[in-house]
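Below, chains carry the letters A, B, ... as their sequence lines are ordered, and counting in each starts from 1.
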Amino acid sequence: MTAGLDIVVRHRLGAFTLDATLRSQGGLTALYGPSGSGKTSLVNVIAGLIRPESGHVRLDGEALFDRAGGVFVPPHRRRIGYVFQEARLFPHLSVRLNLLFGRWFAPRGGAERTDLPAVLDLLGIGHLLARRPGDLSGGERQRVAIGRALLARPRLLLMDEPLASLDEARKAEILPYIERLRDEAGIPIVYVSHALAEVARLATTVAIIEGGRVTACGPAATTLSRLDLALQPWPTEPSSLIEGSVGAVDRAFGLTRIETRAGAVEVARTGLRPGGTIRIRILASDVLVALSPVTGVSALNQWHGTVAEIGSTGRPGDGAVDLGIDCGGERLVARLTRKSLAALGLGLGCPVVAIVKSVSVETL
Amino acid sequence: MTDWLSPEEWTAVRLSLLVASTAMLASLPLGLGVAWLLARGRFWGKSILDAAVHLPLILPPVVTGYLLLIWFGRRGPVGQFLDDWFGIVLSFRWTGAVLASAVMGFPLMVRAIRLSIEAVDRKLEDAAGTLGANPAWVFVTVTLPLCLPGILAGMILCFAKAMGEFGATITFVSNIPGETQTLPSAIYTFTQVPGGEAGAMRLTLISIAISVSALFASEALARLASRRVGAT
């Protein structure tokens with residue numbers, strides 16, 4: 001028996017063909033891609049709302065769909081929670097009854113963590129119980145929808161752009177709850193998004209979907225820094241995703257030091273939890289490459305590394321090239337001109353110094 | 001009240017209420033089923049079913065009554081079968097009046113329920129499915145409550161139509177006081193005898209009162225129900 005999700009499906013929807021292969025284990029798997037790339041269709045296949053023409057869907061070794069074996073488990077027997085983009089709360093039921101809806105059908109017993117008080121606490125919705133869905137704000141509605149899915153005791157939780165219909169403030173309100181869900185509830189999550197910031201912050205595994213196909217799938221940091229993906233017609237600038245721990249704070253200048261395997265980095269903000277784990281993201285075009293340490297420069301962070309990969313330079317009319325730099329085991333991506341590449345005489349294995357401005361480091 | 005109305009008139013009022021209520025309740029399960037088929041079903045002959053349901057609405061009531069007489073009369077194929085096997089006789093009985101008014105009210109009921117089922121958001125049903133509810137439970141816990149205003153409207157329409165039904169009833173089960181003489185038949189009878197104007201007027205006023213009450217009741221129920229489903 002293999003843990004996790006194992007999908008190989010092919011399905012035609014009008015002129016669009018979903019032809020996807022995906023394997024993931026635990027944590028939060030982000031399906032990332034442009035609108036109309038088939039992310040929602042793939043999630044609907046997992047939930048059983050779409051019955052594919054061929055292939056199979058297995059969860060923890062159990063076939064939910066297998067064309068060859070004639071297996072199709074209907075949605076209500078899959079025990080897969082689904083948080084829809086537009087919440088889909090039942091308008092005729094109170095928040096309490098919405099939350100408990102799945103409990104009427106879920107098997108008894110099981111983990112204590114999916115009890116009502118625990119879920120109310122996790123999502124901060126205890127004060128909404130007596131309200132009706134029509135009286136809730138967008139953010140509250142979405143949190144209730146997450147709670148409703150959790151209380152059905154799912155084996156897997158699907159979230160289809162749960163933040164897409166919300167403004168920035170409401171997104172910021174919900175993101176911490178999704179992080180807690182990922183870290184505390186112990187339920188694997190498949191999360192659909194076309195927002196890179198969300199994916200970079202939440203994902204343990206990233207699957208990139210374009211034109212109905214999974215074009216890349218792997219650990220978040222590896223996938224988001226892949227150089228070849230920048231060549232796709234859908235413009236994605238590669239970025240480095242690095243995990244670190246929060247260190248000393250320089251209150252006078254409003255800086256916080258983050259210790260990472262690549263080296264220390266100062267970020268231009270305070271208020272982070274000391275000793276906590278944090279992710280930082282640096283866009284490839286925000287990284288400067290030098291042959292030796294530089295003095296008399298405003299940038300605060302300089303890391304030593306070696307050139308591990310040089311991206312394709314074959315794009316006509318484009319003078320840019322991406323470099324993969326290995327810094328103490330972390331992977332940093334830098335975008336520079338082909339002219340600079342030639343001028344510095346960079347090749348694989350060359351020692352370089354990567355320079356990053358503190359204000360360009362995004363804390364997630 | 002009993003002083004104001006003669007016993008015969010009082011009987012006609014009671015019989016009308018009984019016939020209309022029974023017709024409404026008896027056709028509700030079938031009405032729900034047919035409305036569901038027409039709203040959601042995909043099958044061969046759907047347009048034929050649709051036409052058949054609507055037929056009583058466009059046929060002259062007398063024609064409907066006559067067809068009922070041919071089919072459900074004692075000698076009719078269905079009537080004979082019911083009499084032989086179950087001892088049920090419809091012709092010239094109050095149960096026959098129920099059948100006639102149910103047939104006449106059925107299209108109105110189905111139409112109202114069908115529209116409300118079509119208005120239910122299928123996405124909510126999908127959501128209920130992912131929460132573990134099988135299709136039957138989805139229908140009971142989501143679809144049915146959400147189309148309750150339409151169901152209530154359909155029931156009231158059917159009741160009102162049954163209260164006023166005359167042509168098919170009098171053709172199928174005649175006009176027997178105490179058995180098949182409903183309000184409209186009684187009013188008609190009064191207008192056919194000298195000095196019957198006062199009785200006709202009394203029953204007419206009662207008829208108006210019942211219809212207006214039914215209308216208000218349906219409005220109130222629909223408002224209540226739509227507030228419950230949040231569709232204000």
By side chain to side chain donor-acceptor pair (under 3.5 Å), which residues pair with A:Glu53, not counting sequence neighbours? none
Is there any ring-ring contact (aromatic ring centres under 6.0 Å, His included) pair reaching into residues 138-166 of chain B, and which pairs are they, with sequence neighbours excluded? B:Trp36-B:Phe139, B:Phe166-B:Tyr188
Do A:His92 side-chain atoms and B:Thr141 backbone N/O form a donor-acceptor pair below 3.5 Å? yes
Contact class of A:Ile80 relative to chain B, heavy atoms under 4.5 angstrom: backbone
Output the distance between atom OG1 (B:Thr130) and atom CZ (A:Arg78), rounded to the nearest 0.5 Å. 11.5 Å
Where on A:Leu158 is there a heavy atom nearer than 4.5 Å to chain B: the side chain, the backbone, both, or neither? neither
Might you confirm whether atom CZ of A:Arg96 has over 12 heavy atoms from other residues, nucleotides or ligands at distances under 6.0 Å? no
How about CZ on B:Phe216, more than 12 heavy atoms from neighbouring residues, nucleotides or ligands closer than 6.0 Å, or not? no
A:Arg131, CZ: over 12 other non-hydrogen atoms inside 6.0 angstrom: yes
dist A:Leu93:CG -> B:Leu146:CG (nearest 0.5 Å) comes out at 8.0 Å
Listed pairs under 3.5 Å, donor-acceptor, residues 12-23 of chain A side chains, sequence neighbours left out:
residue : atom : partner : partner atom : Å
A:Asp19 : OD2  : A:Arg10 : NH1          : 3.0
A:Arg23 : NE   : A:Asp6  : OD1          : 3.2
A:Arg23 : NH2  : A:Asp6  : OD1          : 3.4

Does A:Arg88 form a side chain to side chain contact (heavy atoms under 4.5 Å, CB included) with B:Asp126? I'd like the steps, not just the answer. CA-CA 9 Å; A:Arg88 299 195 193 178; B:Asp126 282 347; 3.9 Å; yes
Any chance you could lay out the side chain to side chain contact (heavy atoms under 4.5 Å, CB included) test for B:Val142 and A:Phe101, step after step, and finish with the verdict? CA-CA 10 Å; B:Val142 177; A:Phe101 189 90; 4.0 Å; yes
What closest approach, in Å, do A:Phe105 and B:Gly132 show between heavy atoms, and which atom pair accounts for it? CB-O, 3.4 Å
Sort by residue number and list every member of residues 118-125 of chain B having a non-hydrogen atom under 4.5 Å from chain A. B:Lys123, B:Leu124
More than 12 non-hydrogen atoms from neighbouring residues, nucleotides or ligands closer than 6.0 Å to CZ on B:Arg14, yes or no? yes
